[in-house]
Amino acid sequence: MALRSVLLGVGSFLPERILTNEELAQSVDTNNEWIIERTGIRQRHIAGKNEKTSDLACAASLKALEASGRTADDIDLVIVATTTPDLTFPATAARVQAALGINKGAAFDLQAVCSGFIFALATADNALVRGQAKCALVIGAETFSRIVDWTDRGTCVLFGDGAGAVVLEAQERDDDRGVISTFLRTDGRMHDLLYVDGGPSETGTIGKVRMVGNAVFRNAVEHISGAMLEACARAGVSLDQVDWFVPHQANQRILDGVARKLDIAVDKVVSTVALHGNTSAASVPLALDVAVRDGRIKPGQLVLMEALGGGLTWGAALVRL
Ligand code: COA
């Protein structure tokens, strides 16, 4: 028997407003064909003016709680992975905790940009298996549209808003259900490939996303593949044993490139990028939720989640549902 972090439920939320490629092409020099060919993205959801990251996070969390059979009273750890917090402080997680009526344990935000959910899952797993918490709400939530430069066609076509959440519970088990292995990596030397040109300390502004697209692309294929292999190696599992791959939804060509590099069948890779765009820390739990709810991912199956983001950060998590 060993204490394991078991994933009991997943939920997600997307803002109502959809921004299509055609609509985008009316305000910036791009077109639907280019965006689909280079990224696979057809549309993205955009949060309303008064819709905050914490609102999206709460909506996703309520669905995850419902799916998990647990209530707010059971939760004693809230981690929100986000790059677009409601305010500089306090943590968006503290707002989510209060709004959901959770009144024990800790709540904090985690910043690893698009890899944030993987980092948050690993952090929650560590807390649960050490007995520091019993039931964790792990959320990826973004109003990324707020930090997009809507005049930069190289970035604005890529991103969208949304949230996804999972409930993890510490359980003594004699099987391998739950988080099996995680791998996290940051290489700060690649800061300039993907960053926001503002912040409270450096500029006193929020800033906008800046990216060297093709360099990020190359790094994504290489490091995501490496992280997947590392997470599997740590668990003594081969890629063929994995039932589903749930990658960060940055670009369909990155998903395809990784699948090709590792010789993975594309029908085992969950892709929501066409409909959601890149929702940063929200994209992995959003994609997981879609594939769990449509019946593709079933209880007992082995799922490998992976991501790369600004920092650069990257990582992977192997979970048996
Ligand atoms: N519409 C039309 N043309 C565009 C465009 C757009 N939205 N964005 C860029 N272009 C143009 C460029 O200006 C360039 O034109 P030029 O050849 O006349 O200079 C041409 O398309 C090719 O640009 P390039 O940047 O080399 O294209 P690409 O094939 O690398 O695709 C990205 C660009 C951004 C789609 C791609 O690099 C990418 O997805 N990178 C990874 C981004 C990512 O995932 N970031 C988040 C990680 S978490």
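Counting starts at 1 for both ligands and their atoms, following the listed order.
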Distance-only N or O hit between ligand 1 and Thr30, under 3.5 Å: yes

N or O contact, Arg38 vs ligand 1, cut-off under 3.5 Å: yes

CZ on Phe144 to CG on Leu158, rounded to 0.5 Å: 9.5 Å

Got the closest protein heavy atom to [atom], with its distance?
atom                    : answer
atom 41 (C) of ligand 1 : Gly213 O, 3.5 Å
atom 12 (C) of ligand 1 : Arg153 NH2, 3.8 Å
atom 35 (C) of ligand 1 : Thr39 CG2, 3.6 Å
atom 39 (O) of ligand 1 : Asn251 ND2, 2.6 Å
atom 47 (C) of ligand 1 : Val216 CG1, 3.7 Å
atom 46 (C) of ligand 1 : Asn278 ND2, 3.6 Å
atom 44 (O) of ligand 1 : Ala250 CB, 3.3 Å
atom 34 (C) of ligand 1 : Gly154 O, 3.7 Å

Polar contact flag, side-chain donor to acceptor under 3.5 angstrom, Thr279-Glu142: no

Chi angles and distances behind the salt bridge (charged side-chain N to carboxylate O under 4.0 Å, His left out) call for Asp86, Arg95: CA-CA 9 Å; Asp86 288 11; Arg95 283 192 157 181; 2.8 Å; yes

Check: [Y] and [X] side chains under 4.5 Å, non-hydrogen atoms:
X      : Y      : result
Leu7   : Val179 : no
Leu318 : Thr182 : no
Ile118 : Met305 : yes

Check each atom of ligand 1 against the heavy atoms of [X] and keep those under 4.0 Å away; list them by number with element.
X      : result
Asn214 : 26 (O), 30 (O), 37 (O)
Cys114 : 48 (S)
Leu308 : 48 (S)
Ile254 : 44 (O)
Val157 : 7 (N)

Nearest heavy-atom neighbours spanning Ala231 and Ala316: CB-CB, 3.9 Å

[atom] touched by protein (heavy atom, under 4.0 Å):
atom                    : result
atom 28 (P) of ligand 1 : yes
atom 2 (C) of ligand 1  : yes
atom 16 (P) of ligand 1 : no
atom 8 (N) of ligand 1  : yes

Are [X] and [Y] within salt-bridge range, i.e. N to O under 4.0 Å?
X      : Y      : value
Asp176 : Arg320 : yes
Arg234 : Glu230 : yes
Asp76  : Lys134 : no
Glu169 : Arg70  : yes

Summary of ring pair (Phe, Tyr, Trp, His ring centres under 6.0 Å) pairs that have at least one residue in residues 238-296, sequence neighbours excluded: none

Pick from His248, Met211, Gln249: the one approaching atom 42 (C) of ligand 1 most closely through a non-hydrogen atom: Met211

The one among Trp314, Phe217, Phe159, Trp34 that brings a heavy atom closest to atom 4 (C) of ligand 1: Trp34

Ligand 1 versus Thr155: contacting region, heavy-atom distance under 4.0 Å: neither

In one Ile/Leu/Val/Met/Phe/Trp/Tyr side-chain cluster, 4.5 Å: Val266, Val273: no

